[in-house]
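Residue numbers begin at 1 in each chain, while the letters A, B, ... track the order of the sequences. Only a predicted model underlies this, so the values are computations on that prediction, with no experimental measurement involved.
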Amino acid sequence: MQFWYFLTALTLLSALMVVLSKNPIHSVLYLVFTFFCISGHYVLLNAQFLMAVNIIVYAGAIMVLFLFVIMMLDLRRNMPDSKSNLTKLAGAILGGTLLVILVAVMRKTQFPQFSQMGGKFDTQTGMVENLGQVLFRDYLLPFELVSILFFVAMVGAVMLGKREAGERNF
Amino acid sequence: MNSIIALSLFGIANLFLGFLNNRKILLPATLAFVLVALGLNLADWNQEYLWFNNMLRTNNLSVNFASVILVATFLVVAVSRGFGDDEEHTHPAEYYAIMLFSVVGAIMMVTFENLIMLFVGLEILSVSMYILTGTDKRNLRSNEAALKYFLMGAFATGILLFGIALIYGATGSFNIHGIEALVLTAAGGSAPALLYIGIVMVIIGLLFKVSAAPFHFWTPDVYEGAPAIFTAFMSTVVKTAGFAALFRLLGGAFTGVYGTWIYILYFLTMLTLIIGNITAVYQQSFKRMLAYSSISHAGYLMLTATAKVAHTQSSILFYSLAYSVATISAFAVLMVVAETKESNAEKTNENFDIFNGLAKNNPLLAFVLTVSMLSLAGIPLTAGFWGKFFIFSDAFQRGIVVPLVVAVLMSAVGIYYYFKAIISAYFKEGDVPAIELKPIYKITLIVTTLLTIVLGIAPDLVKSIF
């Protein structure tokens, strides 16, 4: 339990630093750290497979891509205009309202206790073997159809990405 | 279900046909593929099946919705003319393949039994639409529209997914019948607050896809920027699939907590009707007017999608069919007329004034345009009239008076801007040269016009099936 508090505090702190740090590269590095912390939460939830996938896909592939893009963009030259105070105020009010609603909902919601769920604890729940069985038996159809989604995205990326000769018009 | 498998394979087959370097066979092949899928879809008629561990349910309702979607797809493909002979800038094999894949997503959205299937189907449909919007790569408007649609759509999908997650957290089930049962037992007051927020978020996500106000801001820009043929596809197939999904959730899974969302939806219905119709009046571009008209038609459909009465589904189906057929013929006329103007001007012109004097040399095109406009406006003896009639009488029987009054008033406003096109075709001076139409194009125009008139005279032909 103490470890959970420690991890949560670390996650929140690094997530805050993503937003607060001035240098975008620091932001990305803090985001990578946040992903590692979230992976730690997955381990505590007995979801080892998700932990591995989270590190490989998010912290590994996507964040490195992110870092490359930020380095290539040369942000010092293309600094975005800072927002006006009115925009900041509106954003703060909107975000704050959503936060209040979500916190209120979480407080009102009665999550089932461990003892109410039968009190059985299956150590094998998050293992790859069980996950694979669920994925390829119960969720076979969505799993297969997601491939159509990726295929469409791939076809579109190749088609739209090819350079087009000729004049641009409006 | 079989149509989903068939369409997935046909899409891949279509990509391979692209290797043959023969543009002529793609159009007939795609038409044949859609027809086969329609046949497979109709084979499920009068049978109730659950597929793959309660992932999909096919019954008469889903067969009807999928048939409307496939008929609309067939008509759009038939007026696509193989995307021209411009070898360098069009890729017909990819376009047709993506269209077939997007129909897979649309059919998943009407047959889903599990919220995961809804999400995957919606994503397949949306991603295909983002791509098709940006296919006119040299046109800056098209690029802008694709990017705008992608960013906003991704956001809406995120909201939908968050809603699904919250509903799962509250009920512990992705299955819509499981959710329905749990919602009914929880409706006594013990429902966790997570459920309500989840329901509202799912509704927001779907309303974005059907372009209801206040989530409609992307619609005019995207409809204007996308090539006209894909705008026709987008405004018919996506709308039908979106309303099927919305109806199955509102009329099924979420009925237990009717009281929490119904007034929000009434309010949004009125907002959609007013914004769509009033803004359409001020448009100079015909395409943009059709975009606002599609927003206002979303408003009419929302009026009835909230009900769980036995004949509601037939009203939605009839309205979707009438709207799809009329919209496709309007876009088909716009496409050929805009092309004659394109050659003598750099800028593509899709304003109302391109129809000036259309009737003089092209009486068929002017007549097709007139019938489709009358049907969209809801004038008697067209299919659109009966669509509106069924929806208004449904609303009247359920006693929802204020939204109904707004809807009737706004459909009167609609007549003004639809008649602008008819007036410029018949009464304004202009020179549109006689346009040579390919036989398949001509036949499609005649079929859509006849369908609109026949359904306007004898709506029971189709209504009794739905």
Is it true that atom CD of A/Gln133 has more than 12 heavy atoms of other residues, nucleotides or ligands lying nearer than 6.0 Å?
-> yes

Side chain, backbone, both or neither: which part of B/Ser102 has a non-hydrogen atom closer than 4.5 Å to chain A?
-> neither

Crowded around A/Tyr30 OH? As in, over 12 foreign heavy atoms under 6.0 Å?
-> no

With the side chain counted from C-beta on, respond yes when A/Leu145 and B/Ile4 share a heavy-atom pair under 4.5 Å apart, and no when they do not.
-> yes

Considering all heavy atoms of both residues, which atom of B/Lys137 and which atom of A/Met159 are nearest to each other, and what is their separation?
-> NZ-O, 2.7 Å

Residue B/Phe112 versus chain A: region with a heavy atom under 4.5 Å | neither

About how many Å separate CE of B/Met108 and CD1 of A/Ile148, when rounded to the nearest 0.5 Å?
-> 9.0 Å

Between B/Asn143 and chain A, which part of the residue has a heavy atom less than 4.5 Å away: side chain, backbone, both or neither?
-> side chain

Option in A/Lys162, A/Glu144, A/Arg137 with maximal non-hydrogen atom pairs under 4.5 Å from chain B = A/Lys162

Do the side chains of A/Phe151 and B/Ile98 get nearer than 4.5 Å, heavy atoms only?
-> no

Taking side chain as C-beta onward, heavy atoms only, is B/Met55 less than 4.5 Å from A/Leu140?
-> no

Kindly check if the number of other-residue, nucleotide or ligand heavy atoms within 6.0 Å of CZ (A/Phe35) is above 12?
-> yes

Just give me the residue among A/Ala104, A/Ala153, A/Pro142, A/Ser147 that pairs up with chain B most often, heavy atom to heavy atom, under 4.5 Å.
-> A/Pro142

Find the distance between OG1 (B/Thr133) and CG (A/Leu160) and round it off to the nearest 0.5 Å.
-> 9.5 Å

Without swapping roles, check the side chain of B/Asn53 against the backbone of A/Tyr139 for a donor-acceptor pair under 3.5 Å.
-> no

Enclosure of B/Phe150 CZ (heavy-atom neighbours >12, cutoff 6.0 Å) = no

Closest heavy-atom pair, A/Val152 versus B/Ser128, reported as atoms and distance to 0.1 Å, is CG1-OG, 3.6 Å

Chain B interface, residue from A/Val146, A/Val155, A/Leu149 that has the most non-hydrogen pairs under 4.5 Å = A/Leu149

So which part of B/Ile5 gets closer than 4.5 Å to some heavy atom of chain A, the side chain, the backbone, both or neither?
-> neither

Rounded to the nearest 0.5 Å, what's the gap from CG on A/Leu102 to CG on B/Leu166? Could you check?
-> 7.5 Å

